[in-house]
2 protein chains.
Amino acid sequence: MENKIENIPCERQDHASCDKHIAAVHDTMDVLHGKWKITIISLLGFGKRRYSEILKEVKGISGKMLSRELKDMEMNLLVKRTVISEQPISVVYELTDYCIELLPVINSLAAWGTRHRQCIVEQFKQERQDIPA
Amino acid sequence: MENKIENIPCERQDHASCDKHIAAVHDTMDVLHGKWKITIISLLGFGKRRYSEILKEVKGISGKMLSRELKDMEMNLLVKRTVISEQPISVVYELTDYCIELLPVINSLAAWGTRHRQCIVEQFKQERQDIPA
DNA sequence: CTGCATCCTGGGCGATACTG
DNA sequence: CAGTATCGCCCAGGATGCAG
């Protein structure tokens, strides 16, 4: 029951560094918090978009939430906002280079999620044939 | 404003794969949902722990939440629960090999979080000397 | 010690209507 | 078209107490 490190593919060795690690994770999660930000980032990873386009393409999001999230993300330097002064006015959002560094992270989340879904499906099948009668 | 992919270090090319990508991310986030799971995983990445040890080491968590989260994680095959029939009874939790695959993902979250914190600090300093008078 | 039931509060988020 | 204001629901999660 000791603090033997085994099979752990990372380099956390003591309580202090463990706490720092956790704090760092929370820094990221704070930035990504809420129901929508990751989706928005994924979408914008696809290319710059206007407000109304995002509204359409992110299924289910309301206008209030979208502007709130975008404002938030702009403050966190994740997104660049550009006003196009035409008729009528339009606003374009795009990922900052900084935020683009998040994409690989999000990709790794996606990769694990894909495997996880398969695993759950397997498990389900398994259970169904364990109790067949 | 087209769907030009540029500077994007990942391979999402069309709407269908983009949607799948997003769904996969949500699969992962569902598993990690709530205020505590990532922290618990990080801690257990450190070595197996008893219930009461986790309760002490994860600052701020309540008993209710801890058992709820652990049960949840057990169902998702993230954690292995072992009852030690001694006096008094104790229960040991440890990461499954499956969950250990999540550690690199969490590490990448931490890595970005560390950089982000530095970036925010820089930005703050910047602003303070932009409006010094 | 481990873990569940109950009660309760805050705030995340949706719906709608309104302004520039 | 972009964004704000108001209202209110709902549920994650905190506190406490009980059970095995």
Side-chain angles (χ1 to χ4, degrees), chain A residues 1-2 22 25-26 28-44 47-76 78-95, chain B residues 1-2 22 25-26 28-44 47-76 78-95:
Chain A
M1 195 186 308
E2 283 319 305
I22 290 172
V25 173
H26 276 91
T28 302
M29 294 316 283
D30 284 349
V31 164
L32 259 30
H33 240 124
K35 198 172 172 179
W36 302 109
K37 296 207 184 67
I38 294 185
T39 304
I40 296 171
I41 291 174
S42 296
L43 176 66
L44 289 182
K48 53 179 72 167
R49 289 288 142 88
R50 291 176 46 189
Y51 177 88
S52 52
E53 291 176 320
I54 305 175
L55 201 55
K56 258 179 300 180
E57 294 188 61
V58 176
K59 311 291 185 197
I61 195 169
S62 68
K64 182 186 73 171
M65 286 312 297
L66 181 54
S67 34
R68 180 186 295 180
E69 302 286 42
L70 286 170
K71 201 196 298 177
D72 214 52
M73 293 164 70
E74 195 187 355
M75 284 184 46
N76 278 313
L78 296 182
V79 143
K80 181 157 152 287
R81 194 183 105 112
T82 311
V83 179
I84 313 284
S85 296
E86 294 173 354
Q87 266 334 332
I89 202 171
S90 78
V91 181
V92 170
Y93 293 90
E94 61 191 304
L95 262 37
Chain B
M1 195 187 309
E2 283 320 304
I22 290 172
V25 173
H26 278 90
T28 302
M29 294 316 282
D30 284 348
V31 165
L32 261 29
H33 237 120
K35 199 173 173 180
W36 302 109
K37 295 207 184 65
I38 295 185
T39 303
I40 295 171
I41 292 174
S42 296
L43 176 65
L44 289 181
K48 51 180 69 168
R49 289 288 141 87
R50 292 176 45 189
Y51 177 86
S52 52
E53 290 176 320
I54 305 175
L55 202 55
K56 259 180 301 180
E57 294 187 62
V58 176
K59 311 291 186 197
I61 196 171
S62 68
K64 183 187 74 172
M65 287 313 296
L66 182 54
S67 34
R68 180 187 295 178
E69 302 287 43
L70 286 170
K71 198 197 300 175
D72 213 53
M73 291 164 71
E74 195 188 354
M75 284 185 46
N76 278 313
L78 296 182
V79 142
K80 181 158 151 286
R81 195 184 105 111
T82 312
V83 179
I84 313 282
S85 296
E86 292 174 355
Q87 271 326 341
I89 202 170
S90 78
V91 181
V92 171
Y93 291 90
E94 63 192 302
L95 260 37

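Order of the sequence lines sets the chain letters (A, B, ...), proteins ahead of strands, with each chain counted from 1.
- The phosphate of D:dA2 has neither OP1 nor OP2 within less than 4.0 Å of any side-chain N or O from A:K71.
- For the atom pair B:T39 OG1 and A:I22 CD1, the distance stands at 5.5 Å (nearest 0.5 Å).
- Closest contact between the side chain of B:S67 and the listed nucleotides C:dC4, C:dC13, D:dG14 involves C:dC4.
- To the nearest angstrom, P of C:dG20 lies 17 Å from OH of A:Y51.
- Relative to the side chain of B:W36, the nucleotides D:dC1, C:dC13, D:dG14 differ in distance, and D:dG14 lies closest.
- In this structure, A:Y93 atom OH and D:dC1 atom P are separated by 15 Å, rounded to whole Å.
- Proximity of A:H33 to A:D72: side-chain heavy atoms (C-beta onward) are nowhere separated by under 4.5 Å.
- For the pair B:R50 and C:dT2, the criterion of a side-chain N or O lying under 4.0 Å from OP1 or OP2 is met.
- The distance between atom CD1 of A:I61 and atom P of C:dA15, rounded to the nearest whole Å, is 12 Å.
- Nearer the 5' end of DNA chain C, as judged by each residue's closest nucleotide, is the contact made by A:G34, out of A:I89 and A:G34.
- Separating the CD atom of A:E69 from the P atom of C:dC13 is a distance of 6 Å, rounded to the nearest angstrom.
- In this structure, B:S52 reaches the C:dT2 phosphate: one of its side-chain N or O atoms is under 4.0 Å from OP1 or OP2.
- When side chains are defined from C-beta on, A:M29 counts as touching B:M29, because their heavy atoms get closer than 4.5 Å.
- Put simply, the side chain of A:I54 reaches to within 4.5 Å of the side chain of A:L66, judged on heavy atoms.
- D:dA5 atom P lies 15 Å from atom CE of A:M65, rounded to whole Å.
- The side chain of B:S62 lies closest to D:dG14, out of C:dT2, D:dG14, D:dG13.
- Between B:K64 and C:dT2, a side-chain N or O to OP1/OP2 separation shorter than 4.0 Å is absent.
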Side chain to side chain contact (heavy atoms under 4.5 Å, CB included) for A:L43 and A:E53? Distances and angles first, verdict last.
CA-CA 10 Å; A:L43 176 66; A:E53 291 176 320; over 6 Å; no

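- Atom CD1 of A:I54 is separated from atom P of D:dC1 by 14 Å (rounded to the nearest Å).
- Side-chain proximity of A:K35 to C:dC13, C:dC1, D:dG14: nearest is C:dC13.
- Nucleotide D:dG13 holds its C1' atom 13 Å from the NE2 atom of B:H33, rounded to whole Å.
- Atom CG in A:L70 sits about 14 Å away from atom C1' in D:dT4, given to the nearest Å.
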